[in-house]
Amino acid sequence: MIDNEIKKVLILGGGPSKIGSETELDASAFQMMVALKKLGISVLVMDNNPFSLTLSEVQPANIFIKEINVKNVIDVLNKEQPDALIPITGGLRAVHVAQELINQGILEDLNVKVLGISKESLKVLNSPDKMKAAINSVSEPAVPSKIIRSESEAFAVVRDIGFPVNIKKVNQRESTERIICNNAEDLSDLLEDEFKDDSVCVIEKSIVGYKQVETVGVRDQTNTKILIAGLENIDAVGVHSGDSMIITPVQTLNDIEYQNIRTATFKIMDYLNIIGACHIQFALDTNDGSNYYVTKINPIINSSTALAARSTGYPLVYVCTNLLLGNSLNEIKLHNNYHHLTPIMEPTLDHVVVKMPVWPFDNIREADQHLGTKMKSVGSTIGVGRTVEEALLKALRSSQFSPRDVLPSMKEISNDELISQLIHPKSDRLLVLIEALRRGYQIDELEELTKINQFYFYKLKALLDVEELIIKEPMKLSTIEVAHDFGFGDGMMAETWQEPIESVRALYHAENEYPTYKTIEPSAGEFDQNIRSFYSSYEVENESHRESEKTALVIGRGGNKLGPNTAADYYTAEMLIQLHKIGYKTIVMNNNPNALSLSPQISDKQYIEPIQLGAILNIIELEKPVRVFIPGNRHFLLKQLKQYTNLNVQVLPPDQETGVVLPKDVTYALNFFVTKEDSYFISTEKLISNNKSDLDYVTAYETPYVLDESTLEQDIQLSKEHIASSNWIGLVQILFNQNKNGESEYVGIRPLRLTETIFLSRATGINWVRALVRFYTKKLDIDALMASMPDISNITTQMQATFPFKQLNVKVDHANSSQEVGAKIKFKIND
């Protein structure tokens, strides 16, 4: 039963996005907040991520835009006196803050409960010895390891377990990398650096080459447990699981092996008294799957729990929220879209999901592209299909940086480099595997070089056979039918045949063949459920039908990349919320398993498909939306869609490919809301560049930028003149440069960018994304909006981009906006 003593909770957010944590934490916090409100519980949220949807959906009096640290959390606890603290949606930093508050006795003094993570679980986080003891306590095998404080201790351990070994620095604040040492010289060189600052390290037996498998389970207070998903890493140990291709359901374990890790998962959850979700990682000996090690225990929300929920359709966060408050699994009441037994039933899938990592190397060319034990990907995409081949190819198509629907080739790579990359993988891992098969490498040879199970090479070979059919049998209905079954897109065939995509589509439409859509739900069709998440198929039965005569389709950004992608996902989510409020049925198309915009609470329907022209047109043909929205600059995609004049396509913010040459140097800007009739001044803004005053290197913002009254009045008048002579409407930014003498000059005009629109929303307390949606749908009362503008002169708002350079081990002198991974925001009250 629900704990009636809990009336108010404080949720700790995840802070700025970074490698290893993109938008899944905020998506979980948002879903948890919605669930808590439905249960009648007041919610407080603390975060300093400007792109947090959770912050936007809580009453202003209940949000605290501050960095997650012990001091700030104590301040909020003392001021608001919540009954409970939830740290599991804030990543390791939030959990360690909770741990520190427990150790200091502060939570006990304030009578604040910690929900979602038990005291036993807290002890094992980032404590290898305690985790190992916990694993051994339930008679499960842990990787042999020991904490060392000197080089002599390290070599003593090596004499027992032998080379190769892994070295990991013990860090109580965040997860750190493991470095492999194959011999005494490697070990000595590494430890010479590690012990310079009196570090403590862990040395462990290397299990490189073992199969990586993950599980996500759920447990309630009555000791009832279910396994939500098994996740199989296609890459072996040696490639970080965050950089590996991942597939679910598990494909290459026999039932005994799978039941062994399922049982181990439950034993560990019992021992740690976990209430809610837990993610556990295993390493299995490829020669004997019954020989395995438990390698990691994650009793918190993370990307793997998000993947498990997205893949199965199981309402994981909603269920966990109920469990944290005291309900058992059989007491949870779900929305009537779900079967009433869903919370207590282990998901069974009639589809396959493949996750493909997305890397930042196009934006940070200095980084080493080799994949190893340190995570380097900044995002991921998923492909969903009836078969492994279809899901694999959809995931690959979805992960491409360009929306062009083509299968990239590695034919230019030399044989020596090919072999090198098979042994020492880089970010284009999958393309190298495909190229090796094209060149006739034997599958058993490839398994030996890569440690990837032969099963996946046979699946890739089947895709190559279909590719050969496409080349040899062009513009035939039979070819198209086979290609569709294996996940090939219309654009891919059109490109190969050098035909317009409409010619390809017309060929199978003439036979009344169209894609059908299948529901992503956890019972494999056993129960009658109305879950609104779909993927495409070319089978007969269609489970998705036109939503309404007033539908808006919003096309998401896909896998998270560097630049404004986390901001764009927030932007997408806000658009969906506002479109729903003004009367549209909303549909989102996306393929990022961690996306805020795929949270089922904010749209009427979700399609998980490659963001490519053919897939978009298929959804449009079925749903017939009256409006199509594209958040942010998608020049190639927009150019493709605008060929179809019957589509009502709107880019927000307006497309920035203006043809106007922007200035090199800027100091500050004036922001306006512009209609066809008038322009309304909003604020001044300081543009802070980390390379002199170069606009390309502006990565920090501050508002207001203080100008004397005379200068401000002149700038406003000058800005309005330039706005009047331009064609821009919506949010528009006028750029100024201030010389050494303090004199200002107008230097340019542009639409307000995604990131700065969100910054402006935080600074003014007005949701400008929603204002834009209302404006472009002719629902905005501009006078009322501007009348609600607060006086922000006494508060300085600062937003600073964050970068992944430290995690990628690169030094960049001057970072630009295309290299941003996230941002942090803070406020200062002016004296």
Side-chain angles (χ1 to χ4, degrees), residues 118 120-121 124 131 134-143 207 210-234 237 241 244 246-286 288-316 319-320 323 328-330 341-353 355 453 455 522-524 526:
S118 64
E120 296 87 349
S121 296
V124 307
M131 188 186 82
I135 295 167
N136 290 336
S137 293
V138 293
S139 302
E140 292 295 331
V143 178
I207 48 174
Y210 277 43
K211 181 191 298 293
Q212 300 184 87
V213 180
E214 309 170 47
T215 57
V216 175
V218 165
R219 178 181 180 271
D220 69 14
Q221 61 183 358
T222 70
N223 201 28
T224 301
K225 303 169 288 288
I226 63 172
L227 197 70
I228 303 303
L231 309 170
E232 179 178 347
N233 288 224
I234 293 176
V237 174
S241 61
S244 174
I246 295 178
I247 191 166
T248 187
V250 169
Q251 300 293 311
T252 66
L253 300 189
N254 62 41
D255 187 59
I256 293 173
E257 293 166 347
Y258 189 71
Q259 293 304 323
N260 283 342
I261 64 171
R262 180 179 181 273
T263 300
T265 300
F266 291 162
K267 287 164 68 177
I268 291 167
M269 292 175 73
D270 283 343
Y271 180 80
L272 296 178
N273 191 30
I274 287 169
I275 307 297
C278 186
H279 164 232
I280 299 179
Q281 293 174 265
F282 297 85
L284 283 71
D285 187 339
T286 52
D288 178 7
S290 61
N291 177 29
Y292 63 89
Y293 295 109
V294 180
T295 58
K296 198 165 187 180
I297 303 171
N298 298 297
I300 58 177
I301 300 292
N302 60 16
S303 59
S304 292
T305 58
L307 177 62
R310 189 76 63 220
S311 301
T312 60
Y314 185 85
L316 183 65
V319 167
C320 287
L323 298 181
S328 59
L329 284 165
N330 63 359
L341 292 177
T342 297
I344 202 70
M345 299 289 289
E346 287 199 348
T348 303
L349 302 189
D350 58 359
H351 58 268
V352 178
V353 179
K355 187 204 86 168
N453 192 288
F455 172 85
S523 74
E526 185 69 22

Under a 3.5 Å distance rule, please check whether K225 uses its side chain to pair with a backbone N or O of N223 as donor and acceptor. yes
side-chain contact (heavy atoms from CB on, under 4.5 Å) with A229: which residues, sequence neighbours excluded? L231, T248, A308, T312
For T263, check side-chain contact (heavy atoms from CB on, under 4.5 Å) against everything at least two apart and list the hits. K267
For E214, salt bridge (Lys or Arg N to Asp or Glu O under 4.0 Å) partners two or more places apart: none
Among residues at least two apart in sequence or on other chains, which ones pass side-chain hydrogen bond (donor to acceptor under 3.5 Å, both in side chains) with T224? T222
Any ion pair linking K211 and E257 (charged N to carboxylate O, less than 4.0 Å)? no
Those residues at least two apart in sequence (or on a different chain) that pass side-chain hydrogen bond (donor to acceptor under 3.5 Å, both in side chains) with Q251 are none
Could you work out, with side-chain hydrogen bond (donor to acceptor under 3.5 Å, both in side chains) as the rule, every residue matching S303, not counting sequence neighbours? none
Partners passing side-chain contact (heavy atoms from CB on, under 4.5 Å) against N273 (at least two apart in sequence or in another chain): S118, E120, R219, I275
Checking side-chain polar atoms at under 3.5 Å, does T252 have a donor or acceptor matched by the opposite partner on E232? yes
Mind checking side-chain contact (heavy atoms from CB on, under 4.5 Å) for Y258 and listing every partner two or more places apart, or none if nothing turns up? L227, V250, L253, I261
Applying side-chain hydrogen bond (donor to acceptor under 3.5 Å, both in side chains), can you list everything that pairs with R310, at least two apart in sequence or on another chain? none
